[in-house]
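Starting from 1, each residue takes its place in the sequence as its number.
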Amino acid sequence: MCNVEAFSTIHAKYTNVLFLSTSPLLLSTFCPISFSATFSFLLFFSHSLISLCLGFLYLSTEKCDEAIASPLPHTAFTCSSVFSSGYTPGYAKLNRRGGAGGWSPLDSDHYQWLQVDLGSRKQVSAIATQGRYSSSDWMTWYRLLYSDTGRNWKPYHQDGNIWAFSGNSNSESVVRHELQQGIVARFLRFVPLDWSEEGRIGLRIEVYGCSYWADVINFDGHGVISYRFKMKKMKIIKDVIALRFKTSESEGVILHGEGQQGDYITLELHKAKLLLQINLGSNQYGSILGHTSVTTGSLLDDNHWHSVVIERYRRNVNFTLDRHTQHFRTNGEFDHLDLDYELSFGGMPYSGKPVGGGRKNFKGCMESINYNGDNITDLARRKKLDTSSFRNLSFSCVETHTFPVFFNATSFLQLPGRASHNTLSVGFQFRTWNPNGLLLFSNLDDGTLEISLDDGKVVVHINVSTTTRNQVDLSSGSGLNDGQWHAMRLVAKENFAMLTIDGDEASAVRSTSPLTITTGGTYHLGGYFLQTLFPPSQRSFQGCMQAILVDDQPADLHAVEKGTVGAFENVSLDMCAIIDRCMPNHCEHGGRCKQIWDSFSCTCDGRGYTGATCHTSIYEPSCEAYKHLGRSSDTYWIDPDGSGPLGPFKVNCNMTEDKVWSTVMNNLPPKTTVTGSTRERRTILQVNYSASMDQVTAITTSAEYCEQQIAYSCQKSRLLNTPDGTPYTWWVGRGSEKHFYWGGSGPGIQKCACGMDRNCTDPKYDCNCDADLPQWREDSGLLIYKEHLPVSQVAVGDTNRPGSLAKLTVGPLRCQGDNNYWNSASFTTPSSYLHFATFQGETSADISFYFKTSAPYGVFLENLGNTDFIRLELKSPRVVSFSFDVGNGPVELTVHSATPLNDDQWHRVMAERNVKEAVLQLDQTYRTSQLAPAQGHTRLELFSQLYVGAAGGQRGFLGCIRALRMNGITLDLEERAMVTPGVKPGCQGHCTSFGIYCQNGGKCVEKYNGYLCDCTATAYNGPFCTRDVGGFFEAGTVVKYNFMPKAVAGDSKDTKIPTNQLTPHEANLTKEEVAFSFSTSNTPAILMYVSSKTQDYMAVVLRHNGSVQVRYNLGGLKEPFAIDVDQRNLANGQPHSINMSRVNRSIIIQLDHYPPATYTLPEASDTQFNLVKTLFLGKVYETGNIDPVLIERYNTPGFIGCLSRVQFNGLAPLKAALRTAAQTQGKLVESNCGASPLTIPPMSAATDPWHLDNTDAEFPFNEERVIPDGVNRDSAIIGGIIAVVIFTILCTLVFLIRYMFRHKGTYHTNEAKGSGESAGESADTAIIGSDNPETIDESKKEWFI
């Protein structure tokens, strides 16, 4: 069946379905139409029954599989040579025993061949071979050549290579090969490549196929066939054009049609490629917007048949050349092709509207031309069409008389010329992909001649090597290694030389240097391997030559082939086996394909992809993935579909404690003013994003939740409510669907947020703006139905009345979570598995997933074909295997881990296989790769279901698999696991792998779709508990954290003091762990004080000289034990950190990043800190007996500065105070100004692949600049300096004012006795006596932060 894609629904009263031959091989050649999975047959309107199959208008149920060689006479078989009379080629028929039982040549070498003449052009579907009967003679490998004329042979191609068929292993078994690429030919040649080691070449063959017939028209480059329409003007909504052509020209118009409105369709050869240009018109700025140009194919001037099919329905087009289909959609806005008068075949029309451009007419042959059901070739034969422009119309193909020669790296062709002549003249055409190579070399009578290709230019060196030492160097052309035919001609004689490329006499390079030429009489083309005094700079050439002229005489290559003239080695005569390895282009995602003769390479620079074919994305799929690589909030490139068609794009990633937000910005300015709109002529505001709509859709599809703020500020401008129910304003979301609800509401509810909350300005309306008031009102809210997001357009329709005005704001799209990243399944039994549709990864396939297991082995996934397969498995606790077979035999790649993989932690596996190589990677640490064979199968053909977890009796996998992605598509493991026994959706235990990211004592908490770090019990915040929590202390600010449940005497009755209750055992400490950082410029101060219900205490103080002292009083000593940690002044405004631990008598203190110092309590000292009661930060306000030294020397005026990440025995008192879980007196503002600097520098931009500054990639899509959440660093530094200056001034003023206007209090404190009344009348008393401590106004809070 000829499959044709239905691009959209066809509406018709009647339809006809045309079924064709059931032979898939026959149809693959006769009907070279895309075998797309999206269409299974072609529907035609009843008024136009279209015959699609290139002129084959018969219905056949017979398979094209007849034996067509055996019935032929002996004379139909010819060969290169015969061993003896009984071995003639006529005996080379399958299963025949006549003569010596088959054909054998005189010599078993690579120059032998067996040829069969089928009598006429036949459709060939299969071939079979057999060795010579009852002998040791057979061939093990061979090539197949075919031709219409017995000249200009073409090798059979498959999988992008000249195909080598496997032959026989004995003399009797038959090996048959089905031809994937069905061929039409009269002559076939079997060329042995290898043969039996015990004997010689021996062969019997059979050819399978069926008859072939087609109308043929020869185009001479002048004549044009005009197909006149029945009406003067045609509006055509669908087209099916099919034809076959062959030519040796690289330029020529195959068909053309045009209309007076600017519509046109042209199919032409340009540089031996097929170019389709089509324009259905445009109604905005002229026809240029409708112009669409698509190129396909290459090397089409090979004088062999090529099949073309163009299928168009409205703006959707299938463009098929030799079974390779491109699907595209035309530009512009119209669906009909408006043509006038006629459609011309073979060139530009001679009537109608002329079109310039200097285009050449087609010269060559066409057959089976069909246009919308009309057989053009048959109509021309019956003289139903205008063919008056032909001088002599011929319905048979006039063959050209070229004789190409094919060279490989070990070839040469030796031709004779005139000897001892004073004029040298050589010329030829060549084509190659290699930039360098030897074209011609000749030993002159007195020197050498070398013509070579050097970096795509033709370079001539003439050296006369005796007395004169004359030398002439000529160079011409550029880029001549483009695979096209190029002509070279060199003429040299006395004192003159001229080099001409492609017949361009105007740009010929000439030399008039002194020169004397005497020819040597022998010329080597394509290679020179003999020893000589002056060897050529190049030794060989890979490519083709034809039209060879030596001394102005055409080379007699027929005589060379017979061995009567010249000599050759490893040359293929009468054949050009050039292959364009970049067509089709295996370089994906816009990678640039570069090729030489036998290989190609892809350049992926600047595309965002890597690998041999630019298949694998270098970016993570989401912000969620970046978070779990330990990344912090920033702007990142993401690629949601990996190797899929969507390109990477930038988003803002905001990593919060429990969520990850992805933000996509748009270009609509906030509060965009809208005026002059009515319900009849609404103003359309386009909202463009920093990513394409498909890219944004990929984010919303995988997200757990999305939201987008939308706000409508109005002044006498109604929003939704209208008399007929149609809103004045609506918005357009995904899929260009209109939505009539507003932010804060939902689908199907034509209301605003105030209407949902019943608090609108006018209760009669469901939106504030619908009250139609002259005062400014606003309707705003979040749109949260993610299937409708993002907002792409807003249509505003009520701003045209006097005094009417509106301002619209559409916020960025914000999405949270990534369902694909956490999509997982748990396999609980060895026989459990999930099954999915067959994996489609013919030429390129990538597979990635995470796994965790405690089992020593198991199959991750498997998919099978007839012989092809693909499999990933854990082969042993340390080995992961990736194995596959594409027809060349099994291939296995393994990676070995240094540590066991069955450790119940997540491990990542990435495997890729393409036409160039196979790669297996484990945990981004272990990687192995293997190159694909230069020749062989390249397509992975599978048919079974894809099995995940186990298959076919293999060792099943026990454990979890997560985020399984194949060719950019994430498989929904959870959905399939819900209905599969032995498999459970989801997977617990994420903390076993990701818990290491929770730092500073943060606890990893399991979630169904991931994990989070619980920082509650730490002095840190952030997604990984790495952000210091600190505060700024003014003079007199106190943080009081109670350990004991009983309220402390003297506290305000109205003050609730949260406590951390301790058992009696916990209240008596024998060890402490203390850590904090601080910054200040004021001394003295008490940084931390821990009291008890006894006289025991611990204090960390800043002395008058800025040094730190630690004081312990645990009893047993007359004076507290004091440790002077360092004599340096730490009150220098810089952050400093203190880490201290005590176990019994041993005390270890580390200041900043200096080595820890160890101290020991005296033997007389107690080691138990009894009945700990309260922890103070900044200052001490405590009743009872307190060390007077602390009060007198260090407690006034209190700590002024910053404290950060304060921890005491696993508690975070400062964080608790900032979260209202501890008592605070005075002004405490959250700030990290006291945070200690990083001990480990961050990764440099030069080595961070995700850092944007290191990404100079330019991508082929337009994007708006993404604005990060943070501010510019320089601006932040300047602002910080200004803030510090203002802060210092204000603090000074506040201190002076409070000192001048101090109030007397009666609260008894343990201030220094020497202070007298002033101590009792200090500002501290006012703070203590206040039930409601003074709060900081919002503006000041912002300033502090």
Side-chain angles (χ1 to χ4, degrees), residues 1001 1016-1019 1038-1051 1056-1076 1086-1101 1109-1123 1125 1138-1150 1156-1191 1194-1195 1205-1217 1221-1223 1310:
T1016 304
T1018 73
V1038 180
V1039 170
K1040 187 176 182 181
Y1041 188 92
N1042 290 326
F1043 295 106
M1044 302 301 291
K1046 185 176 180 180
V1048 180
D1051 287 333
K1056 295 182 179 180
I1057 305 175
T1059 62
N1060 183 68
Q1061 298 187 14
L1062 300 174
T1063 65
H1065 174 71
E1066 292 173 327
N1068 299 317
L1069 305 177
T1070 59
K1071 59 181 180 179
E1072 296 88 42
E1073 294 285 345
V1074 177
F1076 62 88
I1086 295 179
L1087 301 175
M1088 176 184 288
Y1089 178 85
V1090 182
S1091 69
S1092 69
K1093 302 186 75 172
T1094 66
Q1095 294 186 1
D1096 294 0
Y1097 75 87
M1098 184 209 75
V1100 182
V1101 301
Q1109 186 182 77
V1110 176
R1111 299 174 68 86
Y1112 262 104
N1113 186 13
L1114 302 181
L1117 298 177
K1118 295 181 180 179
E1119 296 291 334
F1121 180 67
I1123 301 172
V1125 178
I1138 293 178
N1139 291 276
M1140 182 175 69
S1141 66
R1142 179 186 74 89
V1143 178
N1144 294 322
R1145 298 187 189 281
S1146 177
I1147 302 173
I1148 300 175
I1149 302 176
Q1150 182 179 19
T1158 303
Y1159 307 89
T1160 303
L1161 288 172
E1163 291 294 331
S1165 172
D1166 195 359
T1167 60
Q1168 185 164 286
F1169 196 159
N1170 295 311
L1171 300 177
V1172 293
K1173 174 183 171 185
T1174 308
L1175 181 146
F1176 292 91
L1177 298 175
K1179 198 167 186 176
V1180 178
Y1181 282 97
E1182 179 69 295
T1183 60
N1185 295 320
I1186 297 181
D1187 187 353
V1189 175
L1190 292 176
I1191 304 302
Y1194 308 120
N1195 206 37
R1205 63 174 185 85
V1206 180
Q1207 290 181 289
F1208 179 84
N1209 279 12
L1211 302 176
L1214 180 57
K1215 181 179 178 181
Q1223 184 183 19
N1310 285 287

Open item on the list: Taking salt bridge (charged side-chain N to carboxylate O under 4.0 Å, His left out) as the definition, give me every residue that meets it alongside E1163, ordered by chain and number, with sequence neighbours left out.
Closed with: R1145
Task: Side-chain heavy atoms of L1161 within contact of I1147, under 4.5 Å - done: yes
Open item on the list: Can you list everything that forms a side-chain contact (heavy atoms from CB on, under 4.5 Å) with N1170? Sequence neighbours excluded, please.
Closed with: N1068, T1094, D1096, D1166, Q1168
Task: Pairing residues for Y1097 by the ring-ring contact (aromatic ring centres under 6.0 Å, His included) criterion, not counting sequence neighbours - done: Y1089
Task: Which atom of Q1207 lies closest to which atom of M1088, heavy atoms considered - done: O-CE, 4.5 Å
Open item on the list: Suppose we screen for salt bridge (charged side-chain N to carboxylate O under 4.0 Å, His left out). Which residues come up paired with D1187, at least two apart in sequence or across chains?
Closed with: R1111
Task: Distance-minimising heavy-atom pair for N1144 and R1142 - done: O-NH1, 2.7 Å
- [ ] Kindly state whether the ring of Y1159 and the ring of Y1112 have centres lying under 6.0 angstrom apart.
- [x] no
Open item on the list: The criterion is ring-ring contact (aromatic ring centres under 6.0 Å, His included); which residues satisfy it with Y1194, sequence neighbours excluded?
Closed with: none
Task: Spatial distance of atom CD1 (I1191) from atom CD (E1182) [nearest 0.5 Å] - done: 9.5 Å
Task: Heavy atoms of other groups near Q1095 CD, more than 12 under 6.0 Å - done: no
Open item on the list: Quick one, V1100 and F1076 - any side-chain contact, counting heavy atoms below 4.5 Å?
Closed with: yes
Task: Rounded distance (nearest 0.5 Å) linking atom CD of E1073 with atom CG of N1139 - done: 9.0 Å
Open item on the list: What I'd like to find out is whether the side chain of V1180 reaches to under 4.5 Å of the side chain of L1190, using heavy atoms alone.
Closed with: no
Task: Interatomic spacing from CZ in F1169 to CG in N1113 - rounded to 0.5 Å - done: 9.0 Å
- [ ] Verify, without hydrogens or angle tests, whether K1215 (side chain) and T1018 (backbone) share a donor-acceptor contact under 3.5 angstrom.
- [x] yes
- [ ] Kindly compute the distance separating CD1 (I1149) from CD1 (I1123), expressed to the nearest 0.5 Å.
- [x] 4.0 Å
Task: Partners meeting side-chain hydrogen bond (donor to acceptor under 3.5 Å, both in side chains) with S1165 (sequence neighbours left out) - done: none
Task: Where V1039 and A1217 come nearest, the two heavy atoms and their spacing - done: CG1-CB, 3.6 Å
- [ ] Check N1209 against K1071 and note the closest heavy-atom contact, atom names and distance.
- [x] ND2-O, 3.4 Å
- [ ] Indicate the atoms forming the closest heavy-atom contact of P1213 with V1206, along with that distance.
- [x] CD-O, 3.6 Å
Task: Test item: F1043 and K1173 side chains (from C-beta on) under 4.5 Å apart, heavy atoms - done: no
Open item on the list: Can you tell me which residue among V1074, L1069, T1174, L1175 is in a side-chain contact (heavy atoms from CB on, under 4.5 Å) with V1090?
Closed with: L1175
